[in-house]
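Start at 1 with the first residue, then count along the sequence. Basis for what follows: all heavy atoms, side chains included, without hydrogens, waters or symmetry-related copies. All ligand and atom numbering here is 1-based and tracks the order in the structure. Bear in mind that the values here come from a model prediction, so they are computed numbers and not experimental data.
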Amino acid sequence: MRTKIAIIGGGLSGLYAAYRLEQQGITDYILLEARTQLGGRIMDFTNLSQTTKNNFDLGPTWFWPEFQPQLNAIINTLNLEAFAQYDQGNTLVERSHTQPPTTMRGYTHAPTSMRLKGGMGTLINALHAKLSNKQIVTGALVKSITHQNSNIEVNFSTSSTADNKVNVEHVMLALPPRLAVSQITFTPALPSNLVTQWQNTATWMAPHAKYIAVYDTAFWREQALSGSARSSVGPMAEIHDASNPEGQAALFGFIGIPADDRKHISNEDLITHCRAQLVRLFGAQAATPKADIIKDWAKDSLTATSLDTHATNTHAPAPDITAQNGPWHQSLVGIGSEWAMQFPGYVAGAIEAASHGIEQYLATSN
Ligand SMILES: Cc1cc2nc3c(=O)[nH]c(=O)nc-3n(C[C@H](O)[C@H](O)[C@H](O)COP(=O)(O)OP(=O)(O)OC[C@H]3O[C@@H](n4cnc5c(N)ncnc54)[C@H](O)[C@@H]3O)c2cc1C
């Protein structure tokens with residue numbers, strides 16, 4: 001099989017690249033996504049009913065329209081509805097095992113953290129719906145990419161066939177740089193300085209795990225609590241309201257236990273401790289969520305590598321997007337969020353990096 005471009009990864013960056021190509025009238029591309037669903041780190045917990053009113057974000061939750069105008073414009077173009085993160089009321093602070101949580105006056109976030117109605121997954125679904133190309137292949141794990149005599153062969157496995165290939169002229173890597181070099185064998189090898197840069201670029205949020213508990217009502221709001229909490233006790237270090245307007249109520253928290261230590265704790269045990277923490281903070285009503293879930297991104301081999309064990313507070317600076325010279329120069333370009341100059345690792349970065357990759361492609365392919 002032959003086509004012009006292979007996009008590796010069907011997260012936001014890959015889908016947005018496909019959307020931008022189609023806007024330019026280019027449809028001879030294939031998008032290969034290893035998971036059985038699109039979205040990558042944008043992943044829904046679709047709970048109890050099939051309506052998007054009850055989707056909760058297992059991955060990203062927030063964006064900031066005030067300083068991410070490119071992402072905001074796309075959200076508006078796709079007619080997606082945004083709303084502000086609920087932060088009215090007091091916040092709770094849990095300092096030790098021996099003291100009850102203390103109540104503090106909550107603060108309003110500036111700039112406002114915004115969420116999407118129906119969850120971030122609505123962005124993925126809306127972009128996907130705009131694509132006319134049917135070569136969006138899920139369940140396709142790319143294993144090797146070989147450059148020979150101006151042809152690039154991309155090898156991938158699916159659940160039915162171990163050895164599939166597609167021949168292309170150009171490859172766009174729409175996945176984290178570190179993951180690309182750990183998962184894919186490049187022949188000839190990529191320049192060693194590029195491999196080092198890509199390996200050293202931490203994948204944003206890959207070491208994290210998120211807990212979501214769904215309830216019928218946001219009972220904490222009735223106690224003048226915002227649903228936000230900070231804890232030095234854990235297992236969650238930071239908790240927020242995750243309720244859906246017109247849908248179910250929910251709380252979510254980031255687990256504070258490092259990824260290496262989480263390897264020794266079962267999800268069931270962790271869930272039990274998370275529930276107990278929510279009871280300590282918000283009272284007995286928190287004991288019986290209608291549904292709850294842990295998503296441990298560090299255990300997901302399509303996001304994290306063995307290097308993604310330590311959470312950092314800072315976003316890694318963007319590495320080079322292509323090789324300086326040699327066969328891979330411009331024929332292989334990184335477009336995943338971590339390659340963005342302004343917003344590396346963010347949802348907005350996926351849009352930024354994909355736009356940049358498409359601009360580079362259009363500039364060099366004519
Ligand atoms: C818990 C969590 C919370 C976050 N919170 C926020 C937030 O609030 N705001 C914000 O701006 N950002 C947040 N982020 C970051 C945001 O999710 C990412 O920046 C963005 O989704 C990255 O999109 P991407 O397309 O670049 O990469 P990804 O979403 O990682 O997509 C890469 C895709 O490549 C696929 N893939 C991997 N290997 C292969 C292979 N060998 N072959 C084929 N396909 C492959 C993967 O399955 C995946 O679908 C958060 C992330 C997480 C995990």
Colleague: Under the ring pair (Phe, Tyr, Trp, His ring centres under 6.0 Å) criterion, do H315 and W204 qualify, and how do the steps go?
Modeller: CA-CA 7 Å; H315 291 250; W204 183 240; 3.6 Å; yes
Colleague: With sequence neighbours excluded, tell me which residues meet salt bridge (Lys or Arg N to Asp or Glu O under 4.0 Å) with D320.
Modeller: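 Once residues adjacent in sequence are excluded, D320 has no partner under the salt bridge (Lys or Arg N to Asp or Glu O under 4.0 Å) criterion.
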Colleague: With heavy-atom distances below 4.5 Å as the criterion, would you say the side chains of D57 and K210 are in contact?
Modeller: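 Of all side-chain heavy-atom pairs linking K210 with D57, at least one is under 4.5 Å.
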Colleague: State whether K130 and E22 are salt-bridged, where the test is any N-O pair (Lys NZ or Arg NE/NH1/NH2 against Asp/Glu carboxylate O) under 4.0 Å.
Modeller: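 Salt bridge between K130 and E22, a charged N being under 4.0 Å from a carboxylate O: no.
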Colleague: W62 pairs by ring-ring contact (aromatic ring centres under 6.0 Å, His included) with which of Y346, F252, F83?
Modeller: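 Of Y346, F252, F83, ring-ring contact (aromatic ring centres under 6.0 Å, His included) with W62 is met by F252 alone.
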Colleague: Indicate yes or no: does E338 engage R178 in a salt bridge with an N to O separation below 4.0 Å.
Modeller: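 Here E338 does not pair with R178 in a salt bridge, since their nearest N and O are not under 4.0 Å apart.
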Colleague: Identify the protein atoms, limited to N or O, that lie within less than 3.5 Å of an N or O atom of ligand 1, and list each pair with its distance to 0.1 Å.
Modeller:
{"from": "ligand 1", "atom 1": "8 (O)", "to": "T61", "atom 2": "N", "distance (Å)": "3.2"}
{"from": "ligand 1", "atom 1": "8 (O)", "to": "W62", "atom 2": "N", "distance (Å)": "3.1"}
{"from": "ligand 1", "atom 1": "9 (N)", "to": "W62", "atom 2": "O", "distance (Å)": "2.9"}
{"from": "ligand 1", "atom 1": "11 (O)", "to": "V347", "atom 2": "N", "distance (Å)": "2.8"}
{"from": "ligand 1", "atom 1": "12 (N)", "to": "V347", "atom 2": "N", "distance (Å)": "3.4"}
{"from": "ligand 1", "atom 1": "19 (O)", "to": "S337", "atom 2": "OG", "distance (Å)": "3.4"}
{"from": "ligand 1", "atom 1": "19 (O)", "to": "G345", "atom 2": "O", "distance (Å)": "2.5"}
{"from": "ligand 1", "atom 1": "19 (O)", "to": "Y346", "atom 2": "O", "distance (Å)": "3.1"}
{"from": "ligand 1", "atom 1": "25 (O)", "to": "L12", "atom 2": "N", "distance (Å)": "3.2"}
{"from": "ligand 1", "atom 1": "25 (O)", "to": "S13", "atom 2": "N", "distance (Å)": "2.9"}
{"from": "ligand 1", "atom 1": "25 (O)", "to": "S13", "atom 2": "OG", "distance (Å)": "2.8"}
{"from": "ligand 1", "atom 1": "26 (O)", "to": "S13", "atom 2": "OG", "distance (Å)": "3.2"}
{"from": "ligand 1", "atom 1": "26 (O)", "to": "S337", "atom 2": "N", "distance (Å)": "2.8"}
{"from": "ligand 1", "atom 1": "27 (O)", "to": "R41", "atom 2": "NH2", "distance (Å)": "3.2"}
{"from": "ligand 1", "atom 1": "29 (O)", "to": "R41", "atom 2": "N", "distance (Å)": "2.8"}
{"from": "ligand 1", "atom 1": "30 (O)", "to": "R41", "atom 2": "NE", "distance (Å)": "2.9"}
{"from": "ligand 1", "atom 1": "30 (O)", "to": "R41", "atom 2": "NH2", "distance (Å)": "3.3"}
{"from": "ligand 1", "atom 1": "38 (N)", "to": "Q183", "atom 2": "OE1", "distance (Å)": "3.1"}
{"from": "ligand 1", "atom 1": "41 (N)", "to": "V142", "atom 2": "O", "distance (Å)": "3.0"}
{"from": "ligand 1", "atom 1": "41 (N)", "to": "Q183", "atom 2": "OE1", "distance (Å)": "2.6"}
{"from": "ligand 1", "atom 1": "42 (N)", "to": "V142", "atom 2": "N", "distance (Å)": "2.9"}
{"from": "ligand 1", "atom 1": "44 (N)", "to": "A34", "atom 2": "N", "distance (Å)": "3.1"}
{"from": "ligand 1", "atom 1": "47 (O)", "to": "E33", "atom 2": "OE2", "distance (Å)": "2.6"}
{"from": "ligand 1", "atom 1": "47 (O)", "to": "R35", "atom 2": "NH1", "distance (Å)": "3.0"}
{"from": "ligand 1", "atom 1": "49 (O)", "to": "E33", "atom 2": "OE1", "distance (Å)": "2.5"}
{"from": "ligand 1", "atom 1": "49 (O)", "to": "E33", "atom 2": "OE2", "distance (Å)": "3.1"}
{"from": "ligand 1", "atom 1": "49 (O)", "to": "G40", "atom 2": "N", "distance (Å)": "3.4"}

